Every structure is written in C-alpha cells, then in structure tokens.
Amino acid sequence: MIFRKLFFVLIITFCFVACGNPIAVKPDLKRDLACGSSICSQIWCPGGISAGLWIGHGNQFDHRYRALLRFDIRPFIISGKVKKAVLKFSVLGIYGKQSARKFQLQYFTSEKMLLGFNDITDVRVKNINVFTLQRKMKYPSTLSFDVSSELNSALYKGFGSCTFRVLDKWAEKHGNPENIGAGTAIIPNSVKLYITE
C-alpha cells in the first residue's frame with residue numbers, strides 16, 4: 001500500500017515537471033528587496049518602507065526613489081537555460097497630481113551577490129520595458145514582464161542571481177516641483193519570478 005502511494009506521488013511529480021509548469025522563485029523580503037533614493041544615498045530601505053517598495057517621491061522632498069528586486073537563480077545554473085521567465089509584482093496605485101505616470105523596468109548586467117545602496121545609482125543596467133500606470137486602473141494591479149532573455153543571459157554568464165530595478169521616469173526627469181508624495185509602491189510579498197525550465 002505504501003509503495004503504491006509512493007508510486008502515484010512519483011508519477012504526479014513527473015507529470016508536473018514534464019508539463020513545464022512554472023516554478024515560482026520568491027525573493028527574501030529583507031535581503032532581496034529594497035528601495036532608496038538616487039539623490040540622497042543615506043536613504044536606503046532594505047525590505048521597503050511601510051507602504052511597500054516605493055518608486056518616485058515618498059514625501060515632499062525630491063528623493064527619486066527606485067526599487068530593487070533580486071532573485072536567487074542558482075538552482076537553474078546547471079541547466080544553463082530556461083524556456084521562459086516572467087517577472088510579476090503588484091502595485092498599490094499611483095499617487096500625485098498626474099492622472100498617469102510612466103515607469104521603467106531595468107535589468108542589471110552585473111551580478112549582485114547582495115543588494116547595497118550603490119545599486120540604486122549603478123549604471124550597469126539594460127532598459128527592458130516602459131509601462132504606464134493610470135489613476136483609472138483597478139488597484140492593486142498585477143503587472144507581468146517577460147524577462148526570459150535577461151535570465152538566460154545571467155545563466156549564460158554563470159550568475160547566481162538576477163536583479164531588476166524599477167524607477168519613475170517622470171520623477172527622474174522633473175524631480176518633485178510640487179513638493180508632494182508621488183509615484184507608486186510595489187507590494188513586497190507579490191514579487192515573484194516564474195520560471196519554466
């Protein structure tokens with residue numbers, strides 16, 4: 001009876017793997033997620049602030065917050081390549097006077113063993129996607145990005161991690177002339193990288 005149960009468990013596991021169901025890679029909420037100011041290096045928030053991973057301006061000052069998302073991809077180094085990788089996260093909404101704001105998703109072309117405040121301004125990045133959030137959208141809203149090329153690039157280089165950065169394009173260009181909190185916030189426990197081998 002026990003052997004029969006084990007046999008069925010093995011069959012189900014094999015079918016699950018063979019069907020190519022994605023594996024959800026979750027970052028460590030304290031070590032692999034952070035936000036901070038690209039203007040004031042002393043503002044560095046591992047794990048984010050109470051509102052989440054802030055992007056834009058958290059208050060009336062010109063901080064230009066950026067968010068960092070790091071994933072441990074060491075389990076996939078042996079295979080060296082994956083079929084598909086999708087980055088997903090949810091945002092709380094947009095804040096400020098604009099009815100729409102544009103954001104930039106970037107990929108670090110260098111390996112990040114640990115996140116540090118220097119990563120907020122590191123220029124070794126590749127722009128992946130520009131996305132727009134509008135006030136009239138339903139929130140919280142989950143966003144998805146195909147990052148298969150970026151993950152495979154990291155695996156090809158032998159990296160043990162794959163890291164992304166999100167910034168507010170309006171805040172980066174104009175600062176905070178209205179002296180108000182503006183931008184968006186990523187919900188930390190919504191951040192996942194879905195990998196299909």
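Just so we're clear, the structure is a prediction, and the values are computed from it rather than from any experiment.
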*Supply the members, apart from Met113, of the Ile/Leu/Val/Met/Phe/Trp/Tyr cluster built from side-chain contacts under 4.5 Å; use none for a lone residue.*
none
*Are Ser190 and Lys88 close enough that some pair of their side-chain heavy atoms sits under 4.5 Å apart?*
no
*Assess the pair Phe164 and Phe145: is the distance between their ring centroids shorter than 6.0 Å?*
no
*Going hydrophobic residue to hydrophobic residue with side-chain gaps under 4.5 angstrom, can you get from Phe108 over to Val147?*
no
*Separation between CG of Leu87 and OG of Ser144, rounded to the nearest 0.5 Å*: 8.0 Å
*Tell me, with the steps shown, if Arg101 and Asp168 meet side-chain contact (heavy atoms from CB on, under 4.5 Å).*
CA-CA 8 Å; Arg101 291 181 80 98; Asp168 182 327; 2.8 Å; yes
*Considering residues at least two apart in sequence or located in another chain, which fulfil the side chain to side chain contact (heavy atoms under 4.5 Å, CB included) criterion with Lys169?*
Lys102, Gln104, Val130, Leu167
*Same apolar cluster: Ile73 and Leu29, side chain cutoff 4.5 Å*: yes
*Any chance you could measure Phe117, atom CZ, to Gln42, atom CD, to the nearest 0.5 Å?*
10.0 Å
*Out of curiosity, Ile180 CD1 to Phe61 CZ, how far, rounded to the nearest 0.5 Å?*
14.0 Å
_Can you tell me how far apart NZ (Lys192) and OG1 (Thr142) are? Round to the nearest 0.5 Å._
9.0 Å
*Side-chain heavy atoms under 4.5 angstrom apart, residues restricted to Ile, Leu, Val, Met, Phe, Trp, Tyr: same cluster for Ile195 and Leu33?*
yes
*asked:* Suppose the criterion is salt bridge (charged side-chain N to carboxylate O under 4.0 Å, His left out): which pairs have a residue in residues 129-156, not counting sequence neighbours?
replied: Lys126-Glu150
*Heavy-atom side-chain contact between Phe76 and Leu151 under 4.5 Å*: no
_Let me check something: do Ile128 and Val125 share a hydrophobic cluster, defined by ILVMFWY side-chain heavy atoms less than 4.5 Å apart, either directly or through other members?_
no
*Euclidean distance, Asn152 CG relative to Lys83 NZ, rounded to 0.5 Å*: 12.5 Å
*Look at the aromatic rings of Trp170 and His174 and report parallel, tilted or perpendicular, splitting at 30° and 60°.*
tilted
*Check whether any side-chain heavy atom of Phe103 lies under 4.5 Å from a side-chain heavy atom of Leu133, and answer yes or no.*
yes
*Report the residues that fulfil side-chain hydrogen bond (donor to acceptor under 3.5 Å, both in side chains) with Lys112, sequence neighbours left out, ordered by chain and then residue number.*
Asp119, Asp122
_Do Lys84 and Ser148 make a side-chain contact, defined as non-hydrogen atoms from C-beta onward lying under 4.5 Å apart?_
yes
_Pair Ser38, Thr121 - check side chain to side chain donor-acceptor pair (under 3.5 Å), show working._
CA-CA 6 Å; Ser38 62; Thr121 55; over 6 Å; no
*Kindly say whether Pro140 contributes a backbone atom to a donor-acceptor pair with the side chain of Ser90 at under 3.5 angstrom?*
no
*asked:* Using a 3.5 Å distance criterion without hydrogens, assess whether the side chain of His57 forms a donor-acceptor pair with backbone atoms of Gly175.
replied: yes
_Within the 4.5 Å heavy-atom criterion, are Phe89 and Leu69 side-chain neighbours or not?_
yes
*Given side chains that start at C-beta, do those of Ile186 and Val166 come closer than 4.5 Å, heavy atoms only?*
yes
*Joint hydrophobic cluster, Phe71 plus Val86, side-chain heavy atoms closer than 4.5 Å*: no
*Residue pairs, two or more places apart or on separate chains, that pass salt bridge (charged side-chain N to carboxylate O under 4.0 Å, His left out) and touch residues 172-186*: Arg66-Glu172
*Hey, could you give me the SG/OH distance between Cys162 and Tyr107, rounded to the nearest 0.5 Å?*
5.0 Å
*If only atom types and distance count, is the side chain of Gln134 paired as donor or acceptor with the main-chain N or O of Ser99 below 3.5 Å?*
no
*Of Trp54, Tyr65, Tyr139, which is the lone residue that meets ring-ring contact (aromatic ring centres under 6.0 Å, His included) with Tyr95?*
Trp54
*Out of Asp72, Ile77, Ile78, which residue meets the side-chain contact (heavy atoms from CB on, under 4.5 Å) rule with Pro75?*
Asp72
*asked:* Considering only residues two or more places apart or on different chains, which pairs with a residue in residues 31-43 satisfy salt bridge (charged side-chain N to carboxylate O under 4.0 Å, His left out)?
replied: Asp28-Arg31, Asp32-Arg70
